[in-house]
Number of protein chains: 2
Amino acid sequence: MATRKSQTLDLAILGTLKEGELHGYELRKRALSLIGQVRSLSYGSLYPALRELTERGYLEVDDRAALGIRRGANPRARIAYSLTSAGKEHLNSLLAESGPKEWEDDSFVVRFALFSQTDLRVRVRILEGRHTRLVERLETIRESLSRGRERMDTWTLELQRHGEEAVEREVRWLNELIDNAKTEEKEMNK
Amino acid sequence: MATRKSQTLDLAILGTLKEGELHGYELRKRALSLIGQVRSLSYGSLYPALRELTERGYLEVDDRAALGIRRGANPRARIAYSLTSAGKEHLNSLLAESGPKEWEDDSFVVRFALFSQTDLRVRVRILEGRHTRLVERLETIRESLSRGRERMDTWTLELQRHGEEAVEREVRWLNELIDNAKTEEKEMNK
DNA sequence: GTTAGCATGTAAGGAGTTACATGATTTT
DNA sequence: AAAATCATGTAACTCCTTACATGCTAAC
(Lines give C-alpha, C1' and ligand atoms only; values in the text may rest on other atoms or scores of the structure.)
Protein backbone atom coordinates (compact mmCIF):
# COMPACT_ATOMS: atom_id res chain seq x y z
CA MET A 1 0.00 0.00 0.00
CA ALA A 2 2.98 2.25 -0.70
CA THR A 3 2.14 5.44 1.17
CA ARG A 4 3.31 8.43 -0.80
CA LYS A 5 5.36 10.91 1.09
CA SER A 6 4.79 13.84 -1.21
CA GLN A 7 3.14 16.34 1.04
CA THR A 8 2.82 19.16 -1.45
CA LEU A 9 0.41 17.20 -3.63
CA ASP A 10 -1.58 16.04 -0.59
CA LEU A 11 -1.70 19.60 0.63
CA ALA A 12 -2.82 20.98 -2.71
CA ILE A 13 -5.61 18.42 -2.88
CA LEU A 14 -6.79 18.69 0.71
CA GLY A 15 -6.48 22.47 0.69
CA THR A 16 -8.55 22.76 -2.47
CA LEU A 17 -11.18 20.41 -1.08
CA LYS A 18 -11.56 22.51 2.05
CA GLU A 19 -14.07 24.72 0.25
CA GLY A 20 -16.38 21.81 -0.49
CA GLU A 21 -16.75 18.57 -2.41
CA LEU A 22 -15.37 18.29 -5.92
CA HIS A 23 -14.71 15.58 -8.48
CA GLY A 24 -11.23 14.98 -9.86
CA TYR A 25 -11.50 16.87 -13.11
CA GLU A 26 -12.81 20.02 -11.49
CA LEU A 27 -10.44 19.67 -8.56
CA ARG A 28 -7.51 19.67 -10.95
CA LYS A 29 -8.59 22.95 -12.49
CA ARG A 30 -9.07 24.63 -9.13
CA ALA A 31 -5.79 23.33 -7.80
CA LEU A 32 -3.99 24.50 -10.93
CA SER A 33 -5.30 28.01 -10.44
CA LEU A 34 -3.58 27.88 -7.05
CA ILE A 35 -0.31 26.22 -7.94
CA GLY A 36 -0.21 26.19 -11.74
CA GLN A 37 2.50 28.82 -11.77
CA VAL A 38 5.03 26.41 -10.45
CA ARG A 39 3.70 22.87 -10.78
CA SER A 40 1.69 20.86 -13.21
CA LEU A 41 -0.82 18.26 -12.13
CA SER A 42 -1.49 15.38 -14.50
CA TYR A 43 -4.30 12.86 -14.19
CA GLY A 44 -1.66 10.20 -13.85
CA SER A 45 -0.69 11.60 -10.49
CA LEU A 46 -4.00 13.11 -9.43
CA TYR A 47 -6.24 10.04 -9.56
CA PRO A 48 -3.87 7.65 -7.77
CA ALA A 49 -3.38 10.33 -5.12
CA LEU A 50 -7.14 10.70 -4.64
CA ARG A 51 -7.50 6.97 -4.25
CA GLU A 52 -4.67 6.80 -1.78
CA LEU A 53 -5.99 9.67 0.31
CA THR A 54 -9.34 7.89 0.40
CA GLU A 55 -7.69 4.66 1.53
CA ARG A 56 -5.93 6.56 4.27
CA GLY A 57 -9.29 7.83 5.45
CA TYR A 58 -8.77 11.49 4.64
CA LEU A 59 -11.30 11.65 1.84
CA GLU A 60 -14.71 10.14 1.30
CA VAL A 61 -16.57 9.71 -1.98
CA ASP A 62 -20.15 10.64 -2.64
CA ASP A 63 -22.20 7.42 -2.40
CA ARG A 64 -24.60 8.03 -5.23
CA ALA A 65 -21.90 9.01 -7.68
CA ALA A 66 -19.73 6.08 -6.60
CA LEU A 67 -22.39 3.54 -7.61
CA GLY A 68 -21.47 4.03 -11.24
CA ILE A 69 -17.72 3.58 -10.86
CA ARG A 70 -17.37 0.05 -12.19
CA ARG A 71 -15.31 0.26 -15.35
CA GLY A 72 -17.36 -0.36 -18.42
CA ALA A 73 -20.58 0.69 -16.71
CA ASN A 74 -21.04 4.43 -16.88
CA PRO A 75 -17.58 5.88 -17.24
CA ARG A 76 -18.90 9.40 -17.01
CA ALA A 77 -20.05 9.01 -13.44
CA ARG A 78 -18.31 11.78 -11.62
CA ILE A 79 -16.86 10.87 -8.28
CA ALA A 80 -17.19 13.67 -5.80
CA TYR A 81 -14.58 13.74 -3.04
CA SER A 82 -14.84 15.57 0.23
CA LEU A 83 -12.76 15.85 3.38
CA THR A 84 -13.52 13.54 6.28
CA SER A 85 -12.91 14.84 9.79
CA ALA A 86 -9.62 12.92 9.79
CA GLY A 87 -8.84 14.68 6.51
CA LYS A 88 -9.51 18.08 8.06
CA GLU A 89 -7.26 17.22 10.96
CA HIS A 90 -4.52 16.06 8.62
CA LEU A 91 -4.87 19.24 6.58
CA ASN A 92 -4.53 21.32 9.71
CA SER A 93 -1.45 19.46 10.82
CA LEU A 94 0.15 19.94 7.41
CA LEU A 95 -0.76 23.63 7.56
CA ALA A 96 0.91 23.93 10.95
CA GLU A 97 4.32 22.83 9.67
CA SER A 98 6.91 25.50 9.00
CA GLY A 99 10.22 23.67 8.75
CA PRO A 100 12.99 23.87 6.12
CA LYS A 101 10.97 21.85 3.63
CA GLU A 102 8.32 24.54 3.61
CA TRP A 103 10.66 27.16 2.25
CA GLU A 104 11.75 25.27 -0.82
CA ASP A 105 10.48 26.56 -4.18
CA ASP A 106 7.61 24.19 -4.87
CA SER A 107 6.46 23.65 -1.36
CA PHE A 108 6.60 27.36 -0.58
CA VAL A 109 4.29 28.30 -3.41
CA VAL A 110 1.69 25.75 -2.37
CA ARG A 111 1.95 26.85 1.24
CA PHE A 112 1.66 30.48 0.22
CA ALA A 113 -1.42 29.85 -1.88
CA LEU A 114 -3.08 28.35 1.20
CA PHE A 115 -2.17 31.22 3.53
CA SER A 116 -5.81 32.13 4.07
CA GLN A 117 -6.15 28.78 5.85
CA THR A 118 -2.89 29.25 7.75
CA ASP A 119 -2.29 30.63 11.22
CA LEU A 120 -0.67 34.08 11.26
CA ARG A 121 2.33 32.92 13.28
CA VAL A 122 3.00 30.01 10.98
CA ARG A 123 2.73 32.38 8.05
CA VAL A 124 5.42 34.61 9.49
CA ARG A 125 7.71 31.65 10.15
CA ILE A 126 7.35 30.41 6.60
CA LEU A 127 7.96 33.85 5.12
CA GLU A 128 11.05 34.33 7.27
CA GLY A 129 12.36 30.89 6.45
CA ARG A 130 11.88 31.52 2.77
CA HIS A 131 13.69 34.81 3.20
CA THR A 132 16.67 33.12 4.83
CA ARG A 133 16.82 30.53 2.08
CA LEU A 134 16.85 33.19 -0.63
CA VAL A 135 19.52 35.23 1.11
CA GLU A 136 21.66 32.10 1.19
CA ARG A 137 21.09 31.65 -2.51
CA LEU A 138 22.12 35.26 -3.11
CA GLU A 139 25.35 34.66 -1.25
CA THR A 140 26.13 31.61 -3.36
CA ILE A 141 25.54 33.56 -6.55
CA ARG A 142 27.65 36.49 -5.39
CA GLU A 143 30.50 34.23 -4.32
CA SER A 144 30.46 32.53 -7.67
CA LEU A 145 30.42 35.91 -9.42
CA SER A 146 33.40 37.27 -7.49
CA ARG A 147 35.39 34.05 -7.68
CA GLY A 148 35.09 33.45 -11.37
CA ARG A 149 34.75 36.91 -12.83
CA GLU A 150 37.52 36.27 -15.35
CA ARG A 151 37.09 32.57 -16.03
CA MET A 152 33.45 32.99 -16.96
CA ASP A 153 32.22 33.78 -20.41
CA THR A 154 29.72 36.50 -21.23
CA TRP A 155 26.70 34.22 -21.18
CA THR A 156 27.32 32.46 -17.91
CA LEU A 157 27.95 35.87 -16.40
CA GLU A 158 24.78 37.32 -17.87
CA LEU A 159 22.76 34.37 -16.58
CA GLN A 160 24.13 34.75 -13.08
CA ARG A 161 23.53 38.47 -13.12
CA HIS A 162 19.94 38.01 -14.19
CA GLY A 163 19.43 35.31 -11.60
CA GLU A 164 20.83 37.55 -8.91
CA GLU A 165 18.38 40.28 -9.83
CA ALA A 166 15.42 37.92 -9.77
CA VAL A 167 16.33 36.67 -6.30
CA GLU A 168 16.90 40.20 -5.05
CA ARG A 169 13.39 41.16 -6.17
CA GLU A 170 11.88 38.20 -4.40
CA VAL A 171 13.73 39.10 -1.22
CA ARG A 172 12.28 42.62 -1.36
CA TRP A 173 8.83 41.19 -1.91
CA LEU A 174 9.22 38.96 1.13
CA ASN A 175 10.39 41.90 3.23
CA GLU A 176 7.16 43.72 2.50
CA LEU A 177 5.04 40.69 3.28
CA ILE A 178 6.89 40.08 6.54
CA ASP A 179 6.46 43.71 7.59
CA ASN A 180 2.73 43.53 6.89
CA ALA A 181 2.37 40.29 8.78
CA LYS A 182 4.24 41.62 11.79
CA THR A 183 2.12 44.74 11.92
CA GLU A 184 -0.94 42.52 11.83
CA GLU A 185 0.52 40.41 14.62
CA LYS A 186 1.07 43.41 16.86
CA GLU A 187 -2.44 44.68 16.29
CA MET A 188 -3.87 41.34 17.30
CA ASN A 189 -1.96 41.37 20.56
CA LYS A 190 -3.45 44.66 21.63
CA MET B 1 21.43 -0.92 -21.86
CA ALA B 2 18.59 1.50 -21.22
CA THR B 3 19.58 4.64 -23.12
CA ARG B 4 18.63 7.73 -21.19
CA LYS B 5 16.75 10.35 -23.09
CA SER B 6 17.52 13.26 -20.81
CA GLN B 7 19.32 15.61 -23.11
CA THR B 8 19.85 18.43 -20.66
CA LEU B 9 22.11 16.34 -18.47
CA ASP B 10 24.01 15.02 -21.49
CA LEU B 11 24.37 18.54 -22.76
CA ALA B 12 25.61 19.89 -19.46
CA ILE B 13 28.22 17.14 -19.26
CA LEU B 14 29.38 17.29 -22.86
CA GLY B 15 29.34 21.08 -22.91
CA THR B 16 31.44 21.28 -19.76
CA LEU B 17 33.88 18.73 -21.13
CA LYS B 18 34.40 20.76 -24.30
CA GLU B 19 37.07 22.80 -22.54
CA GLY B 20 39.18 19.75 -21.76
CA GLU B 21 39.33 16.52 -19.82
CA LEU B 22 37.97 16.38 -16.30
CA HIS B 23 37.14 13.76 -13.69
CA GLY B 24 33.63 13.42 -12.28
CA TYR B 25 34.04 15.32 -9.06
CA GLU B 26 35.57 18.36 -10.73
CA LEU B 27 33.16 18.14 -13.64
CA ARG B 28 30.25 18.37 -11.23
CA LYS B 29 31.57 21.60 -9.73
CA ARG B 30 32.14 23.20 -13.11
CA ALA B 31 28.76 22.09 -14.41
CA LEU B 32 27.07 23.44 -11.29
CA SER B 33 28.60 26.86 -11.84
CA LEU B 34 26.86 26.77 -15.22
CA ILE B 35 23.50 25.37 -14.29
CA GLY B 36 23.40 25.38 -10.49
CA GLN B 37 20.86 28.19 -10.48
CA VAL B 38 18.17 25.94 -11.77
CA ARG B 39 19.26 22.34 -11.38
CA SER B 40 21.16 20.25 -8.92
CA LEU B 41 23.48 17.47 -9.96
CA SER B 42 23.95 14.58 -7.56
CA TYR B 43 26.59 11.85 -7.86
CA GLY B 44 23.79 9.37 -8.16
CA SER B 45 22.88 10.79 -11.52
CA LEU B 46 26.28 12.06 -12.63
CA TYR B 47 28.31 8.85 -12.47
CA PRO B 48 25.78 6.60 -14.19
CA ALA B 49 25.44 9.27 -16.88
CA LEU B 50 29.21 9.36 -17.40
CA ARG B 51 29.31 5.61 -17.74
CA GLU B 52 26.47 5.60 -20.18
CA LEU B 53 27.97 8.33 -22.33
CA THR B 54 31.20 6.34 -22.41
CA GLU B 55 29.32 3.21 -23.50
CA ARG B 56 27.67 5.19 -26.25
CA GLY B 57 31.11 6.21 -27.47
CA TYR B 58 30.84 9.91 -26.70
CA LEU B 59 33.41 9.92 -23.93
CA GLU B 60 36.70 8.19 -23.38
CA VAL B 61 38.52 7.68 -20.12
CA ASP B 62 42.17 8.34 -19.48
CA ASP B 63 43.95 4.96 -19.66
CA ARG B 64 46.39 5.42 -16.84
CA ALA B 65 43.76 6.66 -14.43
CA ALA B 66 41.42 3.87 -15.47
CA LEU B 67 43.88 1.15 -14.44
CA GLY B 68 43.06 1.77 -10.81
CA ILE B 69 39.30 1.58 -11.12
CA ARG B 70 38.78 -1.90 -9.76
CA ARG B 71 36.78 -1.55 -6.57
CA GLY B 72 38.85 -2.29 -3.55
CA ALA B 73 42.09 -1.46 -5.30
CA ASN B 74 42.77 2.24 -5.19
CA PRO B 75 39.42 3.93 -4.80
CA ARG B 76 40.98 7.34 -5.10
CA ALA B 77 42.08 6.87 -8.69
CA ARG B 78 40.50 9.72 -10.54
CA ILE B 79 38.97 8.88 -13.85
CA ALA B 80 39.45 11.63 -16.36
CA TYR B 81 36.84 11.85 -19.09
CA SER B 82 37.21 13.62 -22.41
CA LEU B 83 35.12 14.01 -25.54
CA THR B 84 35.71 11.60 -28.41
CA SER B 85 35.16 12.89 -31.93
CA ALA B 86 31.75 11.21 -31.87
CA GLY B 87 31.12 13.06 -28.63
CA LYS B 88 32.02 16.38 -30.22
CA GLU B 89 29.68 15.64 -33.10
CA HIS B 90 26.89 14.70 -30.72
CA LEU B 91 27.47 17.88 -28.72
CA ASN B 92 27.26 19.94 -31.89
CA SER B 93 24.05 18.27 -32.96
CA LEU B 94 22.52 18.92 -29.54
CA LEU B 95 23.67 22.53 -29.74
CA ALA B 96 22.02 22.90 -33.14
CA GLU B 97 18.55 22.05 -31.82
CA SER B 98 16.15 24.90 -31.19
CA GLY B 99 12.71 23.29 -30.91
CA PRO B 100 9.99 23.70 -28.26
CA LYS B 101 11.89 21.60 -25.76
CA GLU B 102 14.71 24.11 -25.77
CA TRP B 103 12.53 26.90 -24.44
CA GLU B 104 11.36 25.12 -21.36
CA ASP B 105 12.72 26.37 -18.01
CA ASP B 106 15.42 23.82 -17.28
CA SER B 107 16.52 23.17 -20.80
CA PHE B 108 16.62 26.86 -21.63
CA VAL B 109 19.00 27.70 -18.82
CA VAL B 110 21.42 24.95 -19.82
CA ARG B 111 21.23 26.01 -23.45
CA PHE B 112 21.76 29.65 -22.49
CA ALA B 113 24.81 28.83 -20.39
CA LEU B 114 26.35 27.18 -23.45
CA PHE B 115 25.61 30.06 -25.81
CA SER B 116 29.30 30.72 -26.36
CA GLN B 117 29.42 27.35 -28.12
CA THR B 118 26.18 28.00 -30.00
CA ASP B 119 25.67 29.36 -33.49
CA LEU B 120 24.28 32.92 -33.57
CA ARG B 121 21.21 31.95 -35.57
CA VAL B 122 20.34 29.11 -33.23
CA ARG B 123 20.78 31.49 -30.33
CA VAL B 124 18.25 33.88 -31.80
CA ARG B 125 15.76 31.08 -32.43
CA ILE B 126 16.06 29.86 -28.86
CA LEU B 127 15.68 33.35 -27.42
CA GLU B 128 12.63 34.02 -29.57
CA GLY B 129 11.09 30.67 -28.72
CA ARG B 130 11.61 31.32 -25.04
CA HIS B 131 10.04 34.72 -25.52
CA THR B 132 6.95 33.20 -27.12
CA ARG B 133 6.63 30.66 -24.33
CA LEU B 134 6.78 33.36 -21.66
CA VAL B 135 4.26 35.54 -23.43
CA GLU B 136 1.91 32.57 -23.47
CA ARG B 137 2.46 32.14 -19.76
CA LEU B 138 1.67 35.81 -19.20
CA GLU B 139 -1.60 35.40 -21.08
CA THR B 140 -2.57 32.44 -18.92
CA ILE B 141 -1.85 34.39 -15.76
CA ARG B 142 -3.77 37.43 -16.97
CA GLU B 143 -6.75 35.36 -18.01
CA SER B 144 -6.82 33.71 -14.64
CA LEU B 145 -6.56 37.11 -12.95
CA SER B 146 -9.44 38.62 -14.90
CA ARG B 147 -11.65 35.54 -14.67
CA GLY B 148 -11.39 34.97 -10.97
CA ARG B 149 -10.82 38.44 -9.55
CA GLU B 150 -13.66 38.01 -7.05
CA ARG B 151 -13.44 34.31 -6.33
CA MET B 152 -9.78 34.53 -5.39
CA ASP B 153 -8.52 35.29 -1.93
CA THR B 154 -5.83 37.85 -1.14
CA TRP B 155 -2.97 35.38 -1.16
CA THR B 156 -3.71 33.61 -4.39
CA LEU B 157 -4.11 37.03 -5.95
CA GLU B 158 -0.85 38.29 -4.49
CA LEU B 159 0.96 35.19 -5.74
CA GLN B 160 -0.36 35.60 -9.25
CA ARG B 161 0.48 39.29 -9.27
CA HIS B 162 4.03 38.60 -8.17
CA GLY B 163 4.37 35.82 -10.72
CA GLU B 164 3.11 38.11 -13.45
CA GLU B 165 5.73 40.69 -12.58
CA ALA B 166 8.53 38.13 -12.60
CA VAL B 167 7.54 36.87 -16.03
CA GLU B 168 7.22 40.44 -17.35
CA ARG B 169 10.77 41.18 -16.25
CA GLU B 170 12.08 38.08 -17.95
CA VAL B 171 10.30 39.06 -21.16
CA ARG B 172 11.97 42.47 -21.08
CA TRP B 173 15.33 40.83 -20.48
CA LEU B 174 14.79 38.58 -23.49
CA ASN B 175 13.81 41.56 -25.63
CA GLU B 176 17.15 43.18 -24.93
CA LEU B 177 19.06 39.99 -25.66
CA ILE B 178 17.17 39.47 -28.92
CA ASP B 179 17.84 43.05 -30.02
CA ASN B 180 21.55 42.63 -29.31
CA ALA B 181 21.69 39.35 -31.16
CA LYS B 182 19.91 40.77 -34.19
CA THR B 183 22.24 43.74 -34.34
CA GLU B 184 25.15 41.33 -34.22
CA GLU B 185 23.56 39.29 -36.98
CA LYS B 186 23.21 42.31 -39.27
CA GLU B 187 26.80 43.33 -38.71
CA MET B 188 28.00 39.88 -39.70
CA ASN B 189 26.08 40.01 -42.95
CA LYS B 190 27.79 43.20 -44.06
C1' DG C 1 43.31 13.29 16.05
C1' DT C 2 39.36 14.81 13.96
C1' DT C 3 36.84 17.46 10.77
C1' DA C 4 36.36 18.81 6.07
C1' DG C 5 36.99 18.04 1.46
C1' DC C 6 38.39 14.87 -2.32
C1' DA C 7 36.87 10.95 -5.06
C1' DT C 8 33.90 7.09 -6.99
C1' DG C 9 30.23 4.42 -7.05
C1' DT C 10 25.44 1.39 -6.18
C1' DA C 11 20.64 0.15 -4.68
C1' DA C 12 16.42 1.55 -3.56
C1' DG C 13 13.02 4.68 -3.60
C1' DG C 14 10.39 8.94 -4.73
C1' DA C 15 7.64 11.86 -7.57
C1' DG C 16 6.12 12.43 -11.14
C1' DT C 17 4.89 12.24 -16.76
C1' DT C 18 3.28 10.20 -21.21
C1' DA C 19 0.66 7.43 -23.80
C1' DC C 20 -3.04 4.78 -23.90
C1' DA C 21 -7.98 3.21 -23.22
C1' DT C 22 -12.85 4.54 -22.99
C1' DG C 23 -16.80 6.96 -23.79
C1' DA C 24 -20.39 10.88 -22.93
C1' DT C 25 -21.66 15.72 -23.91
C1' DT C 26 -21.33 20.22 -25.80
C1' DT C 27 -20.01 23.35 -29.24
C1' DT C 28 -19.06 24.64 -33.97
C1' DA D 1 -21.05 15.19 -38.25
C1' DA D 2 -16.64 16.68 -36.53
C1' DA D 3 -14.05 18.73 -32.95
C1' DA D 4 -13.50 20.13 -28.38
C1' DT D 5 -14.12 19.38 -23.73
C1' DC D 6 -15.71 16.63 -19.93
C1' DA D 7 -14.47 12.63 -17.15
C1' DT D 8 -11.84 8.61 -15.13
C1' DG D 9 -8.32 5.65 -14.95
C1' DT D 10 -3.79 2.34 -15.72
C1' DA D 11 0.93 0.73 -17.17
C1' DA D 12 5.16 1.77 -18.37
C1' DC D 13 8.63 4.68 -18.15
C1' DT D 14 11.75 8.82 -16.84
C1' DC D 15 14.61 11.14 -14.24
C1' DC D 16 16.41 12.17 -10.22
C1' DT D 17 17.56 11.89 -5.03
C1' DT D 18 18.91 9.70 -0.70
C1' DA D 19 21.37 6.77 1.84
C1' DC D 20 24.92 3.85 1.93
C1' DA D 21 29.75 2.01 1.16
C1' DT D 22 34.72 3.04 0.86
C1' DG D 23 38.85 5.26 1.76
C1' DC D 24 42.46 8.97 0.81
C1' DT D 25 44.52 13.64 1.97
C1' DA D 26 44.87 18.25 3.81
C1' DA D 27 43.98 21.50 7.34
C1' DC D 28 42.98 22.93 12.03
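This is a predicted model, so every value here is computed, not measured. Per chain, numbering begins at 1; letters A, B, ... match sequence-line order.
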Give a yes or no on whether a salt bridge exists between B:E170 and B:R130, defined as a side-chain N under 4.0 angstrom from a carboxylate O. yes
### Query
Any cation-pi pair here, A:R28 with A:Y43, using under 6.0 Å and within 45°?
yes
Ordered by number, residues from residues 19-29 of chain B within less than 4.0 Å of DNA chain C (heavy atoms) are B:H23, B:G24, B:Y25, B:K29
Separation of C:dG5 atom P from B:R78 atom CZ, nearest Å, is 17 Å
Rounded to whole Å, the CG-C1' distance (A:D106 to C:dG16) equals 11 Å
Here the distance between atom P of D:dA7 and atom CZ of A:R30, to the nearest Å, is 12 Å
ask   = Is the closest basic N to carboxylate O distance between A:R78 and A:E21 below 4.0 Å?
value = no
Quiz question: by atom type and distance under 3.5 Å, do the side chains of A:T183 and A:N180 form a donor-acceptor pair?
no
### Query
So, B:T54 side chain and B:E60 main chain: donor-acceptor pair closer than 3.5 Å or not?
no
Whether A:Y58 and A:H90 hold their rings parallel, tilted or perpendicular, with breakpoints at 30° and 60°
parallel
Contact check, side chains of A:V38 and A:F112, non-hydrogen atoms, under 4.5 Å = no
For B:W155 and A:Q117, does a side-chain donor sit closer than 3.5 Å to a side-chain acceptor?
no
Per salt bridge (Lys or Arg N to Asp or Glu O under 4.0 Å), A:D105 is matched among A:R133, A:R137, A:R39, A:R111 by A:R137
- Before accepting this row, confirm whether a basic side-chain N of the pair A:R56/A:E52 lies closer than 4.0 Å to the acidic partner's carboxylate O. yes
query = So, B:R169 side chain and A:A166 main chain: donor-acceptor pair closer than 3.5 Å or not?
reply = no
Atom CD of B:Q7 and atom P of D:dC16 are separated, to the nearest Å, by 12 Å
Within residues 32-45 of chain B, the residues having a heavy atom closer than 4.0 Å to DNA chain D are B:R39, B:S40, B:S42, B:G44, B:S45
Here the distance between atom P of D:dC16 and atom CG of B:L50, to the nearest Å, is 13 Å
From CG of A:L46 across to C1' of D:dA7 the rounded distance in Å is 11 Å
B:K101 NZ to C:dT18 C1', in whole Å, measures 13 Å
From OH of B:Y47 across to P of C:dT10 the rounded distance in Å is 11 Å
A:R51 vs D:dT10: side-chain N/O to OP1/OP2 distance below 4.0 Å: yes
When the rotation axes relating C1' atoms of four end pairs to the next four are compared across the helix from C:dG1-D:dC28 to C:dT28-D:dA1, five pairs an end, they differ to 10° by 50°
